[in-house]
Each structure stands twice: as structure tokens, then as C-alpha cells.
Engineer: 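Questions regarding the structure given below will be posed in turn.
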Amino acid sequence: MRKLLILAAATIGLSGVAQAADITGAGATFPFPIYSKWAEAYKKETGIGLNYQSIGSGGGIRQIKAKTVAFGATDAPLKGEDLTKDGLIQFPTVMGGVVPAINIAGVEARQLKLTGPLIAEIYMGTVKKWNDPKIVALNPGLKLPDANITPVYRSDGSGTTFVFTDYLSKVSADWKSKVGTNTSVQWAVGIGGKGNEGVSASVKQVANSIGYVEYAYAKQNKLSYALIQNADGQFPDPDDKSFQAAAANADWNAAPGFGISLNNQKGAEAWPITAATFLLVHAKPEKPEEVGAALKFVDWAFKNGDKLALDLEYVPLPATVKDQVRASWKGVTDPAGKPIF
Amino acid sequence: MTAVTDPMSIPAARPQRKTPKGTFDLIFRNASFASALFVLILLAGIMLSMIIGGWPAFKAFGLGFITGSQWDTQADVYGAWPAIAGTLTTAFIALLIGVPLSLGIAVYLTQLAPPWFKQPVSTAIELLAAVPSIIYGMWGLFVFVPLFAAYVQVPLSNIVEGMPIVGTILYSRSPSGLGILTAGIILAFMIIPFIASIVRDMLDQIPSVLRESAYGIGATTWEVVRHVLVPQAGVSIIGAIMLGLGRALGETMAVTFVVGNANRLSGSIMDPGSTIASRIANEFNEALGLQMNALIGLGCILFFVTFVVLVIARILVARVKTF
């Protein structure tokens, strides 16, 4: 009994301390698992907790603009003019890949080969059957059924959809003009599932379907997936090496706030659908100490969080990019104009 | 003048209420008035904020916001018709399946069931009514949808393919099990416990002397139900159905799981679609700017549709009363 009391007292004491110094953030759902994992380890080391609400990228942007959180998180990067308009600094934290999950009887993971334009045609409804001559030509020797393809997409607004449609816009002019890039678009065919889980469940259940999910979800749910031809004409395996190859070949300074697309990057090894997830902070925050704590947390994660990220199928940023991100924090200043970090 | 205020001059059939005198009477009166007023203020507040929030969308698209069938976040063009049609269709299917089943359950339980069977079924209905909607959605997605695809959609699509009209309504291009009809069926399962338990209670309330006298003059069970019970409980039955319809129109999570979430119109009830509530649930998190206004506008339309349904219910009830 006494032990229990002491434990209770200790817990109350600890939570009191932690609450006082908690970092607040809100936004994208995609990085939520890794942010939680990092936060857990960070709290063990420093006693400072992270209160992250995974309310979606749009919500993260809304919350940081309303200044209710120290940082906002988004999968779809903001454009330069939006960053300047709201006085925001944007930087990437971690990356991930998107894979086309498939459910075709008798076709194993990594057996089916597809190209970007073909995926665009499937999702536009112009390629209707798995034994379409265009698919067969890419996959000689693979037995493909004479069955209608059911495309599966995210029904909720999602950064994953943004990344996927951005890729299709890059490789298919038709897609770019008819559908475009956004967190949710007008799908011509197929069914919608809510969240990565919804898409995974639908692909698993619906015969002859194809869906797009984060690689981590495909792996955890043991979904079969197809390979995609990259910009160099190769069919790399989706894994941390090919995602990192895409990041290594990219010019991160080509867009303000590192808001470049990692899709369809050059390099024989590069996986064609790769994306970073971003954080947003105010350049002149009203509560500099809160934002300072958030930046310290990210800096800690850059130094100590790579293994945790890899364990969860996320991909750490290349060291050079991390340095560039740290350099960009010089732009975050307190009211006196002194850099916070 | 004095004659009117004289209590003796008021006919005995309409005794006048005493005017409240005590302090407590006054407080009680005002407090209950405030409670009643609160409902009106709340309703007006919700309506007003929905109209204000949706106004930019109404202004940008006019009537096209209701009749348009394009929902394109890329081009910022919003038309609510597919969602409105989906809401009405799924609710209609739910009533079509749910109402006869509920009435059957209620009549059987009150008139025909042996006591040992009545109690477990009654408890089961109440339990079903208490199951959260997300459980119906998950059960629908993981259990019902695959079975429905394999044993109904695929065989049915093979039969009706190419037929006129029937082939359009029942053919599914990709038989995934998800769609408008599936959502309607799941909604039916969800509203059955509501309607059945209310109607059962109502039928139980009918004085047994009515039934007994009908049986006494030689009526069969069917005749008693048709000519005694249903007219007696008619108003309550319509009320129960409307309550179920209200739930079917506004149900969000369960529908989002099984409706297929396609923002487009289809002639087939086997194809995926969306409802107003599922559209809002899907897009609210990531919505910004005009899209947010359009979603609030959708909420406003749902509010309005529900209101119209209630008005129709009132009219129906008034008619039944005059029988």
C-alpha cells in the first residue's frame, strides 16, 4: 500500500513537471508513429514531453496559423508565398515511400511491374483489366487474370494522396490536366477507404484491386505490392535504400522551405514515389521558449532518432539535409531579433 | 369587466388555473420557460453559424451548389448533388428494409411470441440499439462486405449484365461489396432496434380490452393487428420510423466505412457513392478555405433535409390523427 502511494505521488509529481514543459504540436497523421516514438525516448532523457495531435495536414496548417501550437506538421509542403505571408519557417523531418499495393490471386509481392503512366491510366479508368495488353507487355511470363481492376484511394484528405497524385502529375500529362495534384482529388473510378488502414483493408478484401499506401502499412499488413519503373527506367525494390537514394539525388534548395517533390528523382536506385514530411514554425514566435524547445527536440531526433525511424520503416534525412535544416533555423528569432536555436 | 374576472362566471368544464403567486411558482415558471427558450436559441444558433460558415460556398455557386455533381478540390468547384442523392438513397433503402422487419419484430413480440422467446429477443434488440455506430461500420467492412461481394454482387452482376434498366441499377463494375446498397443495408440494421423497440412498447401500451373485444367478435390475429393495433399505434409508429430515418440520414461513421466514398453519381446502387455526413467526415480534417465553406454548406443542407423530413412527419401524423 505504501509503495503504491509513493508511486502515485511520484506519478503526479512527474506529470506536473512534464506538463509545464510539454511541447505542443499538431498536424499530419503520417509521421505520428515516429513522432510519438521520438517523444517517448526524448522524455526519458530530458523529462520534456511532446503533446502531438495527429489531426491531419490541413489541420496542422490551420493550427500553426492560429498560433495555438508551437509547431504544425504537414505532408504537403506550403508554397513559398504562403510561408512569407504567414511568417512561417518550414523544414523536413523524416521521409517515407508510397507503394502500389495489389491483390491479384497468384501474384506475389514484387512480381508485377508497372509504370507511372500505366498507374495513371488505371486510376483514370482507361486501363480497365489486369490482362490489358499494356500491362502484359511489361510483365511477360506473369499470369494476369481477365478481371476488372478496382482502384482504391484515400477518401479522406491526405498527404499520401498529395504525394501520389503529385507523382502521377509528373509522369502523365493527361493526369496533370484532368485530375491534378491535391490532398483529395476527383477520382474517376474506384472505391475510397478512410485512412491508410481503410485502403489496406479494402485492398486486402477486394479481389483484383490496387491501392496506394505508405510502405510501412503495406509491410505491416503483409500486402502484396507492385514495382514501379523509375526515371532511369529501373525497377528498384521499395526499401529504406531506394527511398534514401531519391532524397540524395534531390536538390533540396530548389524550393523555399525545402518544399521540393522527391517524386520521380533521377538515379538507378531511386524509388519513384518518395516524400518528406514537414514541420512549420513561426519565424517570429510570440512564445520563443516554446518554439526553442520544439527545435531542440527536432535537433535531438536528428542526432539520435535515425534507428527508431528505420525500425518503423521511415527514412532519416541525409546528413547534409539535416545541416541545411539546422541552418534554416537561424531565421527563427525572438522579439529582440536573436536566433532562438 | 368584472364579470370576466369573476371565477364563478367561467364554465365548470374549463376550470381556470390559479395565477402563480408564490416566489417559488414564479421562479419555477421562469426557469422552465428559459429551458424551453434555450432549445430555440440553440437551434437558431446552429442554423445561423452553418449559414454563415457555408455562405461563401452558397454565394460562389448559387443553386449549382445543390444541383452540381462535381466535387473538385483541385479546381475549387463544389456541387453537393452526389452527396445529397447518396444520403436520400441510402436512407430510403434503410427504411425499405428496416421498417417491415421492425414492424414484424414488434408485432411478433407483442402478439404471438411465447414468453420464453419474448424476453431474450427483447433484450437482444435493446443491446443492438446500444452498439456504437463505428462497431456496425467495422463489422460491415470486415464481415458483411466480403460476404456480400462474393454471394450477392458477383452472381447478381453476372445475371443482370447488359439488361435494360435492371442492368443499370444492379450491375457493379467492380464488385467490391462496398456501395450505396451496402450502406443502406447496414443502416437498416442500425435503425431496426430503434423502430422495433419503440413500436413494441407502443403496442404493449394498447389496452388489452380492445384486443380482447376484437378477438371476442371473431377477428383473426391478422385482423386484430390490421384493424385494431395499427390504427391505435399509428401515430407512434410513424414517429418511430421518423426517428429511425433521422438516424439513417445523419449516420456518419458506419456509412463512411461501407459506402465506398466515391464523389460521383452512378446509376447503379451497387456502385460506391457518398453521403453528406460521410463526405464531411472524410474531408473535414484537411479542408481549407472554400472547401471548408463547402463542407459547412453541406452540413447546412443536411440540417435542412432533416428539417423537411420532420415537417413531412408532422403532416403525416396530423393526417393519421384525423382517421
Side-chain angles (χ1 to χ4, degrees), chain A residues 27-29 54-62 65 74-76 82 103 125 128-129 147-159 161-162 165 169 176 178-195 197-199 201-210, chain B residues 69-79 82 134 137-138 141-150 153-154 157 171-179 182 252-253 255-264 266 271-274 278-289 291-292 295:
Chain A
T29 48
S54 60
I55 54 172
S57 296
I61 295 168
R62 263 204 307 277
K65 280 184 180 170
T74 175
D75 292 334
D82 292 329
N103 176 354
K128 292 191 171 78
K129 295 201 177 227
N148 282 338
I149 304 174
T150 302
V152 184
Y153 51 82
R154 286 281 292 270
S155 59
D156 50 336
S158 136
T161 300
F162 178 87
T165 52
S169 295
K176 194 174 180 180
K178 285 186 187 145
V179 189
T181 308
N182 211 334
T183 51
S184 62
V185 294
Q186 247 202 336
W187 303 98
V189 289
I191 53 173
K194 194 161 159 39
E197 314 78 29
V199 174
S202 294
V203 171
K204 256 188 174 169
Q205 281 179 11
V206 179
N208 302 308
S209 60
I210 179 169
Chain B
S69 56
Q70 210 186 351
W71 186 273
D72 190 347
T73 50
Q74 177 68 12
D76 253 354
V77 174
Y78 303 102
I134 196 154
M138 287 164 72
L141 179 63
F142 292 117
V143 181
F144 183 76
V145 162
L147 294 175
F148 189 71
Q153 269 195 342
V154 174
S157 286
Y171 177 71
S172 63
R173 199 191 80 85
S174 44
S176 58
L178 301 162
T182 315
T252 309
M253 282 325 293
V255 171
T256 307
F257 269 89
V258 296
V259 78
N261 299 307
N263 298 354
R264 52 181 184 266
S266 170
D271 273 346
S274 63
S278 73
R279 180 78 55 85
I280 295 174
N282 272 317
E283 295 184 15
F284 195 76
N285 271 353
E286 302 273 339
L288 288 166
Q291 189 188 0
M292 185 56 118
L295 288 178

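Note that the structure is a prediction, hence the values are computed from the model and not measured. The chains referred to below are lettered A, B, ... by the order of the sequence lines, with proteins before strands, and numbering in each begins at 1.
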Engineer: Under the criterion side chain to side chain contact (heavy atoms under 4.5 Å, CB included), which of A:Val189, A:Ile191, A:Thr150 is the partner of B:Pro272?
Structural biologist: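 It is A:Ile191, the one option of A:Val189, A:Ile191, A:Thr150 that forms the side chain to side chain contact (heavy atoms under 4.5 Å, CB included) with B:Pro272.
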Engineer: Check each atom of B:Val259 against the heavy atoms of chain A and say whether the ones under 4.5 Å are side chain, backbone, both or neither.
Structural biologist: neither
Engineer: Which one wins on heavy-atom pair count under 4.5 Å against chain A: B:Pro146, B:Ser266, B:Ser278?
Structural biologist: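 Most heavy-atom pairs under 4.5 Å with chain A: B:Pro146.
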Engineer: Look at A:Asn208, A:Val185, A:Thr181 and state which one has the largest set of heavy-atom pairs under 4.5 Å with chain B.
Structural biologist: A:Thr181
Engineer: Of all of A:Ser202, A:Gly27, A:Ser57, which one pairs up most often with chain B through heavy atoms under 4.5 Å apart?
Structural biologist: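 Top count of heavy-atom pairs under 4.5 Å with chain B: A:Ser57.
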Engineer: May I ask you to name which of A:Gly190, A:Ser209, A:Gly180 has the most heavy-atom pairs under 4.5 Å with chain B?
Structural biologist: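 Heavy-atom pairs under 4.5 Å are most numerous for A:Gly190.
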Engineer: Side chain, backbone, both or neither: which part of A:Thr183 has an atom under 4.5 Å from a heavy atom of chain B?
Structural biologist: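 For A:Thr183, the side chain is the part near chain B, not the backbone.
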Engineer: I need the minimum non-hydrogen distance between A:Trp187 and B:Arg264, along with the two atoms involved.
Structural biologist: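 Looking at all heavy atoms of both residues, the closest pair is O-NH1, 3.0 Å.
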Engineer: Identify which part of B:Ser176 has an atom lying under 4.5 Å from any heavy atom of chain A, answering side chain, backbone, both or neither.
Structural biologist: both
Engineer: Counting heavy atoms not belonging to B:Tyr171, are there more than 12 under 6.0 Å from its OH?
Structural biologist: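 Correct, the count exceeds 12.
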Engineer: Would you say A:Lys129 has more than 12 foreign heavy atoms packed within less than 6.0 Å of its NZ?
Structural biologist: yes
Engineer: Given that the side chain runs from C-beta out, which part of A:Ser158 has a heavy atom under 4.5 Å from chain B: side chain, backbone, both or neither?
Structural biologist: backbone
Engineer: Hey, are the side chains of A:Gln205 and B:Leu178 touching, using non-hydrogen atoms and a 4.5 Å cut-off?
Structural biologist: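 No, too far: nothing below the 4.5 Å cut-off.
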Engineer: Verify the neighbour count for atom CE of B:Met253: are there more than 12 heavy atoms of other residues, nucleotides or ligands below 6.0 Å?
Structural biologist: yes
Engineer: If we define contacts as heavy-atom pairs under 4.5 Å, which of A:Gly60, A:Ser184, A:Gly198 has the most with chain B?
Structural biologist: A:Ser184
Engineer: Among B:Thr256, B:Asn263, B:Leu141, which residue has the highest count of heavy-atom pairs closer than 4.5 Å to chain A?
Structural biologist: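 Top option by heavy-atom pairs under 4.5 Å: B:Leu141.
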Engineer: Quick one: which of B:Gly177, B:Ser274, B:Ala262 has the most heavy-atom pairs under 4.5 Å with chain A, could you say?
Structural biologist: B:Ala262
Engineer: Under a 4.5 Å heavy-atom cut-off, does chain A meet the side chain of B:Gln70, its backbone, both or neither?
Structural biologist: both
Engineer: Would you mind checking which part of B:Phe142 comes under 4.5 Å of any heavy atom in chain A, side chain (CB onward), backbone (N, CA, C, O), both or neither?
Structural biologist: both
Engineer: Where does B:Ala149 contact chain A at under 4.5 Å (heavy atoms): side chain, backbone, both or neither?
Structural biologist: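 When you check distances to chain A, no heavy atom of B:Ala149 falls under 4.5 Å.
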Engineer: Side chain, backbone, both or neither: which part of A:Ala188 has a heavy atom under 4.5 Å from chain B?
Structural biologist: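 Contact with chain B involves the backbone of A:Ala188 alone.
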